[in-house]
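Protein chains get the first letters and strands the later ones, always in sequence-line order, with residue 1 at the start of each.
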Amino acid sequence: ADLNALIWCDHSDPALLQPFEEANNVKVNVKEFEGTGAGLAIVEQSQPGDWDVMVIDSIDVPRGVEKGLFEPLPEDKLPFADLFPQVKMDGSTVVGGKRYGITEKFGYNTIGFNKTKVDPADMQSLASLTSDKYKGKVAIYDYYLPVIGMAALAIGKKTADLTEADLPALKDELLKMKANAKLVGEVTASQTALATGEVDILVGGGEWVTAGLAKENPALDFSIPKEGAVLWSQSLAMFKASKNKDLALKFIQYIMSPEGQARLATSSCYWGMPANTKAALTDDQKKVLRFDEQPGFLARAQAYPAPNADLDKKMQDMWTEMLQAK
Amino acid sequence: MRQLVRVVSWLYALAVYGFIFLPVVVLVLFSLQATSFPIPPFTGPSLRWYDAVLSDVRLTSALVNSLLVASISSAAAVTLGFLSAWGFARFVLPGSGLLRGLITLPLTVSYLIIGMGLLVLFNWAGVPKSLLAAGIGHVVINLPLCFAIIYSQMGDHQINIERAARDLGAPEWKVLLLITVPVMAPAIFAGFFLSMTFSWDEFVISFLLTRFDTTLPVEIWNLLRSGLNPKTNAVGSLVFAVSIVLVVLFELTLLRRRKT
Amino acid sequence: MSSNGNSGNALPRAGRALPWALVTPALGWTLLFFVLPFIAMGFSSLTAHEGGGFTLSNYSQFFTNPSYWQAMVNSLQVTAIVTLLSVLLAYPFAWILAEQVPERWQRLALMLAVLPFWTSYVVRSYSWLLVLAQNGVINRALTGSGLVAEPLQLANTRLATVTGFVHFFVMLLTLTIFANLKQLSPSYRKAAADLGAGPVRTFLHVILPLTLPGIMVGAFLTFVLCIGDYITPQILGGNNELLMPQLVMMQIGRRGDFPLASALSIILMAVVTVAYLACARWLKIERA
Amino acid sequence: MTAPLVDIRAVSHRFGQLAVLKNVSLRIEPGSYTILLGPSGSGKTTLLSILGGFVTPSEGKVFIRGEDCTTVAPARRPTTTVFQDYALFPHMSVGGNVGFGLRMQGVDGATRAAKAREALALVGLASAFDKKPHQLSGGQRQRVALARALVIEPAVLLLDEPLGALDLKLRRQMQDELKAIQKRVGTAFIHVTHDQEEAMALADHCVVMNDGRIEDEGPPERVYARPATRFSATFMGESTILAGRVAETRDRTSTVTTPAGPVLVRSALPVGSAVALAIRPEHLMLGGTAGTASLGMAKVSDVVFQGSFKRVLAVSVEDPSLQFIAKLPASATVQPGDTLAVSCDTDQIIVLAD
Amino acid sequence: MTAPLVDIRAVSHRFGQLAVLKNVSLRIEPGSYTILLGPSGSGKTTLLSILGGFVTPSEGKVFIRGEDCTTVAPARRPTTTVFQDYALFPHMSVGGNVGFGLRMQGVDGATRAAKAREALALVGLASAFDKKPHQLSGGQRQRVALARALVIEPAVLLLDEPLGALDLKLRRQMQDELKAIQKRVGTAFIHVTHDQEEAMALADHCVVMNDGRIEDEGPPERVYARPATRFSATFMGESTILAGRVAETRDRTSTVTTPAGPVLVRSALPVGSAVALAIRPEHLMLGGTAGTASLGMAKVSDVVFQGSFKRVLAVSVEDPSLQFIAKLPASATVQPGDTLAVSCDTDQIIVLAD
Ligand SMILES: Nc1ncnc2c1ncn2[C@@H]1O[C@H](COP(=O)(O)OP(=O)(O)OP(=O)(O)O)[C@@H](O)[C@H]1O
Ligand SMILES: Nc1ncnc2c1ncn2[C@@H]1O[C@H](COP(=O)(O)OP(=O)(O)OP(=O)(O)O)[C@@H](O)[C@H]1O
Ligand SMILES: NCCCCNCCCN
Ligand SMILES: [Mg+2]
Ligand SMILES: [Mg+2]
């Protein structure tokens, strides 16, 4: 039987999937999506049982649970003890006392930059992103939640507390960023822009951009500025209607295993911190990911904003407006 | 004066050729790049990205999918187009002008809209996304094309040829098989070939209507979004090479046809 | 048209069903997979994203939210520029191929001119990104030769989107215009020359007006394909502005908002229809 | 008298509002060569299509060999059509074309090839068996179309302007061949043309059509010499037409007043009635007073040498709107500008009821 | 004698390897109507294109009004061409078409319209000014093309098979009109055709071409009555051809041995040389012994009534490969199967150097 997985692009790396496929003699069918909204829409358009596992923003796990999509995970069969405690995200992954998601990978939406082209000291403040000094040298990662989160940090708000009342100030901040920006791009476009010198700074960048490119371009780096950074964290969840729950569990176990974690962390689409502290990473890889600095980073990081449906739509419209701004 | 026109023409033509070939040359050149960024300086030549492409199962199966969808949907489009063109050209049907307009209408609609419509319809009807769904979409865009090409070639001369066959005792299906199809073969072939080309290259409908088994353009799009590297150049160059071989074959067979 | 009447075939009574049997599959297909989806999309566009129910809000959003209708303005601007530029570039090129290149080389020259047509469309846009990038071939050449001091911003601009589009449509239009020029009887040209028109006036008074219908067909095709395309602006435009297809895809890709996407598609369709009506008189297919 | 091979009874046909055939009746004898002659749009092709079964008439019936064939499909009629554009199957060899009808009858390959070769030999193209139609000249294609139609031994062969696409020299040559072939095979031919010379060269029976009606029919000599109507007098060869009125009738002879003066004709016509007199060009005499009927004086406006004769146009001095058309021997010495007496023999004057 | 209007001097032309014109020289007089007559591929269009300036000859020169025009562009020559497909500009009205040449000369709108109307009136189409070409019939389009060419008052009008696309009846009618128009305007017309009847109907001067060479030229009467070559004897009207050998020559008379027996001809020919004798159909006599030269007996194989005459084919009894073609008066009573004596007048025998 095949395993049908609704995933982010890092999971489509053959280097990650093939060992699992070979070991279990199955085929993993993957479908990529971008945001949680899109992912849930795909599920809605499918027949029950079409999907087995899903990758989802940790903070959005409750949205899936609300729709009755997910199956609780057997904690005893998964290496919960080995996870970085800060990224277990029990506030989101545990609903009604049951655990529906397990964090597999995390990182920061912060400032990515080319240290040979900018003053690293400037990168300690979010204010630099809107300063004239870097006009036209900036790219913005095209995903509204983390970048809105960064805008919130820049105006001194907590990402968890955002309400509709904050939108005008956030919009102001976003428009200022846009005025400085050369482009607003998805994963590859923004990575490419930074790597090829199209821009020197990526708003929303982080290890997920710079780590994978470190070999090619060691000048790429990221910082956690004094205002803090936005923590991204992705979880795995299993579908209640899955016809292959055993296999689904095996898959989650594989991803959470030290080998699986190492492969996921360094997958071709983007790198990121493994949630499992025991991930079988080489020293070089750990260094690139700044494995050892994590405790300090995590302390200053805030989670993704988690708007309700109404605010979410408003945020997206605000984002559209930012894109259209000249 | 004539000389001047000649010189200016040459320069202009060269400039346009340059414009047309610039991205292709760059594409192929940097597919041979040894490092991960397909931008200058050139670090190749190396075949590692070709290697990577050929060992990527998703890409190769997408290639097979694309060929399947393109050939089957084109065959369907050309069959439907041919039959209807024949019907409209040979018989007086009430409201013929309007019905012909209806068949050609999708030609005037953007692919995105056709894809969106099918997506909404299939959602509503509970039809799952699949290559088949994308293939249906491709028939929608190619049917009017095949119809228009074949219909425009069905002149009165062909009408008399068919009448002659009937007159000599051929039943309708023999007229179709022995006369109309062979006589219309060039137009049928042209319709099929164009459909293949369009289907082969179509992105948005396949993107909206497939799930994991998808077509090459969608897979290339996915590849693009998983990081900039010369693998994309390598796929592109391979596709280009295969297409050129097909086009040259097409030309040769067509030319031979014309000569005999 | 004169002898079209010939087609008035008298079939034996048993054969009366045949014509319908021939055209029904195509008509059925079109009704089922083109007209019906349209109706479905129409219904969908009148429902609310969350919770269903009849609403006009998907349409009113478009008209009241400037960042939405700005996408239409952008689309129309880009499409107009692309169509115009493509025709202006392709016409002289097709003319040179048809009239300046010796007959025996014309096929080859034309083949060569449309060869890149057969690279994958997605890959073609991506290649332009490489060409236009900050460190791309053009900027390297410009800075390397000292023509400019700083690399120009070419990628991630409307210019880049337009370039990618024009590249594709120059090939398409060259094909159609070339075919049109070749169809003209050589005696028109001879007659004009004979009556005292120089090359310029022959072109202006005879060749151009006679190829105008072909140009219109090509231009309309360009319009339809360009205004509905997602790939090129998405890859080359750098999200510095949104075009309609991007806005539509965003509704699906980001939020799965099919009703809004449907409404936007229908609005886009309406604009294409207006364009169609504007050049309808040139867009007939007739039998040879 | 034998039963007619084809019997068209009171056939009328309309395309939409347009009445194209108006109550046409016609009988075709076995082994005859019938020509349907008439101007463009007169309904010739429509009549032929009704015979071939491609069009079902709005009214009337068609009997072939005594059987009602009005609604029988083309394939099941004992007729075959040779189309003006030949309608050869371009993808088949000449042999394949000629053998097609037999193939449809289920005749086996060898017999088919033998019969096709025979038919090709009949039209003088024995060597073309393996060629493709596009390798043949226009005249050769014509003959292949003929062989293809003849090989299935139809009772009636229908030809729609079979020579229309050929140039004059080839047309003449093909006329001779068509006639010879028809004599050899004995099949009834019905042949549409608008060329009156072709009609005279080929027809046993000539049917003149105009505006959906049969104006005149009969052996071509009769139709030429004694046309039934004014239309047929001008369409079947040229004529000088004198419009006149009957002034006096005595003994079986009438005097008609015409613009060229009073003319005696050998018919008893009602006095006061309007008549038209037609005179064939070869019967007009210019200069001298050789003819028994004088037609006044005329000024020669044009003399055209046509090889074996001279065609002369002359304008009546009495009425400049009257133009005489005459054929004089090549040796005649008239010049444009000459004013000459015009006359003819009373016997040659054709009286047309106007 | 006045200087010729057009003087073609030793023109040769090759397309690649193919020699299409071989050393052609020709003079055209002002106001004349010249016909270039010849079979397909004989180089007529090429010669006309060289005159019009669309083709520059490989060798030789073209003088028009004494000026060397060999390499002058079409626009700057005093010639205008009427194309076989008319080449009317479909997007312009008839008036726009006719006025086009004047517009190119910078003539103002009002004058242009006036002149265009005049030219249209000349060709009998005054009312068509505002129509589009596609609204006209073939013959009308032809006349518009003529008006368009004439309005700029060329010294020479070139017409390439101007009537080729018209049906027979219309072609005849347009021949009369062309001739009349040419007389009215006085422009020299050079007209290409492969229809010998058209040539005779129109030409003042007839040029017979074959295989890139001029075979014969002169007034059509002369070319018909005394063709210079065997080709011209069969192309310009039919002839019976007797191949023979000169047996004896005495005084200015020779005896030629032919399949039909010895024939006397009035020329001193070298004894033993091969000659061909041509006899026009209207000069052959059948039955009786009216002619001065006896041609033996022949069996009538076909008699075709052609209205004003009968065309008779007869096979020589002496040599069945010899076919006589004769024109007899309509009143003749020969029947197929009759065996008759064939003769002609010695004076009518045309001697062709073989
Ligand atoms: N299928 C049809 N529908 C409508 N009108 C028709 C059709 N076929 C013929 N006609 C009209 O019927 C009339 C007679 O046509 P038909 O073809 O029989 O004439 P014809 O004598 O063969 O003329 P021609 O010499 O031009 O071939 C014409 O006016 C023609 O326009
Ligand atoms: N542009 C050309 N290139 C090569 N060969 C040519 C060209 N034009 C004409 N020919 C050849 O030259 C020869 C003479 O052609 P031309 O058109 O002068 O003949 P024509 O007497 O006008 O014949 P037709 O009566 O068929 O029009 C033909 O063999 C033709 O194939
Ligand atoms: N959700 C943002 C985390 C950063 C990495 N982005 C990957 C997005 C895949 N679609
Ligand atoms: Mg007809
Ligand atoms: Mg010619």
Side-chain angles (χ1 to χ4, degrees), chain B residues 9 12-13 16 20-24 26-27 30 38-40 80-81 83-84 86-93 99 102-103 106 108-113 116-118 120-121 124 136 139-140 143 148 151-156 159 172 201 203-204 217 220-221 224 232 236 239-240 243-244 247, chain C residues 3 6-9 15 18-19 22-23 25-27 29-30 33-34 36-38 40-41 44 89 92-93 96 100 113 115-116 118-124 126-128 130-131 133 135-137 140 167 170-171 224 227-228 230-231 245 248 258 261-262 265 268-269 272 276 285-288:
Chain B
S9 295
Y12 186 85
V16 176
I20 287 175
F21 274 94
L22 180 59
V24 177
V26 170
L27 175 80
F30 287 100
I39 51 170
L80 293 181
L83 290 177
S84 52
W86 198 44
F88 282 118
R90 294 297 181 266
F91 305 101
V92 178
L93 291 168
L99 296 178
L102 178 67
I103 290 186
T108 65
V109 176
S110 304
Y111 292 0
L112 171 68
I113 298 171
M116 267 299 302
L118 284 170
V120 171
L121 179 74
W124 172 69
I136 288 175
V139 177
V140 172
L143 165 57
Y151 182 74
S152 70
Q153 294 299 312
M154 288 202 172
D156 288 329
I159 295 182
E172 285 307 308
D201 226 19
F203 169 78
V204 82
I220 291 176
W221 173 255
L224 256 185
T232 315
V239 171
F240 186 38
S243 308
I244 288 178
V247 170
Chain C
S3 42
N6 264 351
S7 49
N9 267 344
L18 177 69
L22 291 172
V23 300
L27 283 173
W29 193 279
T30 309
F33 298 119
F34 178 72
L36 191 62
F38 239 77
M41 204 158 68
S44 165
L89 266 171
F93 186 55
I96 289 167
Q100 300 284 306
L115 209 56
W118 281 281
T119 50
S120 177
Y121 185 68
V122 178
V123 170
R124 215 155 40 224
Y126 157 84
S127 308
W128 272 110
L130 303 183
V131 172
N135 270 321
V137 178
R140 285 280 175 135
H167 183 244
V170 159
M171 291 190 279
V224 173
I227 206 166
Y230 169 68
I231 293 280
V248 172
F258 290 93
S262 297
S265 299
L268 184 60
M269 173 72 196
V272 175
Y276 174 78
I285 39 156
E286 281 310 333
R287 281 188 292 125

Checklist entry - Is any side-chain heavy atom of C:Val23 less than 4.5 Å from a side-chain heavy atom of B:Leu99? => result no
Checklist entry - Considering only heavy atoms, which portion of C:Leu115 lies under 4.5 Å from any heavy atom of chain B: side chain, backbone, both, or neither? => result both
Item to check | Distance, nearest 0.5 Å, that separates CG of C:Leu22 from CG of B:Leu80 | outcome: 11.5 Å
Next on the checklist: Quick check: do C:Ser127 and B:Val26 have side-chain heavy atoms less than 4.5 Å from each other?
Outcome noted: no
Checklist outcome for this item: For C:Val122 and B:Pro217, the nearest pair of non-hydrogen atoms, with its separation, is CG2-O, 3.9 Å
Checklist entry - Distance from C:Tyr276 atom OH to B:Thr108 atom OG1, nearest 0.5 Å? => result 6.0 Å
Checklist entry - Hey, are the side chains of B:Ser84 and C:Leu27 touching, using non-hydrogen atoms and a 4.5 Å cut-off? => result no
Item to check | Interchain contact, C:Val137 with chain B, by part (heavy-atom threshold 4.5 Å) | outcome: both
Checklist outcome for this item: Answer key: most heavy-atom pairs under 4.5 Å with chain B among C:Pro92, C:Ser44, C:Ala133 is C:Pro92
Item to check | Heavy-atom pair of closest approach, residues C:Ser262 and B:Val120 | outcome: OG-CG2, 3.5 Å
Checklist entry - If you look at every heavy atom in C:Pro19 and B:Leu93, which pair is closest and at what distance? => result CB-CD2, 3.6 Å
Checklist outcome for this item: Given B:Pro38, B:Ser9, B:Pro23, B:Gly81, the one with more heavy-atom pairs under 4.5 angstrom with chain C than any other is B:Pro23
Next on the checklist: Please report the interatomic distance CD1(B:Ile113) to CZ(C:Phe34), rounded to the nearest 0.5 Å.
Outcome noted: 8.5 Å
Item to check | Pick from C:Ala40, C:Gly228, C:Ala26 with the largest number of heavy-atom pairs that fall under 4.5 Å of chain B | outcome: C:Ala26
Checklist outcome for this item: Between the CH2 atom in B:Trp221 and the OH atom in C:Tyr126, the distance rounded to the nearest 0.5 Å is 13.0 Å
Checklist entry - Can you tell me how far the CG atom of C:Leu18 sits from the CZ atom of B:Arg90, to the nearest 0.5 Å? => result 12.0 Å
Next on the checklist: Students often mix this up, so state it plainly: with edges at 30° and 60°, are the rings of B:Tyr12 and C:Phe93 parallel, tilted or perpendicular?
Outcome noted: tilted
Checklist entry - In terms of heavy-atom proximity below 4.5 Å to chain B, should C:Met171 be classed as side chain, backbone, both, or neither? => result side chain
Item to check | Under 4.5 Å from any heavy atom of chain C - which part of B:Leu224 | outcome: side chain
Next on the checklist: Could you work out, with ring-ring contact (aromatic ring centres under 6.0 Å, His included) as the rule, every residue matching B:Tyr111, not counting sequence neighbours?
Outcome noted: none
Item to check | Heavy-atom pairs under 4.5 Å with chain B, option from C:Leu36, C:Ile227, C:Val224 with the top count | outcome: C:Val224
Item to check | Least distance between heavy atoms, C:Ala113 atom then B:Ile20 atom | outcome: O-CD1, 3.4 Å
Checklist entry - Considering only heavy atoms, which portion of C:Tyr121 lies under 4.5 Å from any heavy atom of chain B: side chain, backbone, both, or neither? => result both
Checklist entry - Side chains of B:Leu143 and C:Trp29: does their closest heavy-atom pair fall under 4.5 Å? => result yes
Next on the checklist: Looking only at heavy atoms and a cut-off of under 4.5 Å, which of B:Leu22, B:Ile103, B:Asp201 has the most pairs with chain C?
Outcome noted: B:Asp201
Checklist outcome for this item: Interface check, chain C: of B:Ile244, B:Val24, B:Val239, B:Val140, most non-hydrogen pairs under 4.5 Å belong to B:Val140
Next on the checklist: Please rank B:Leu112, B:Ile220, B:Leu102, B:Val204 by heavy-atom pairs under 4.5 Å with chain C and give me the top one.
Outcome noted: B:Leu112
Checklist entry - Considering only heavy atoms from C-beta outward, does the side chain of C:Val123 approach that of B:Phe240 to under 4.5 Å? => result no
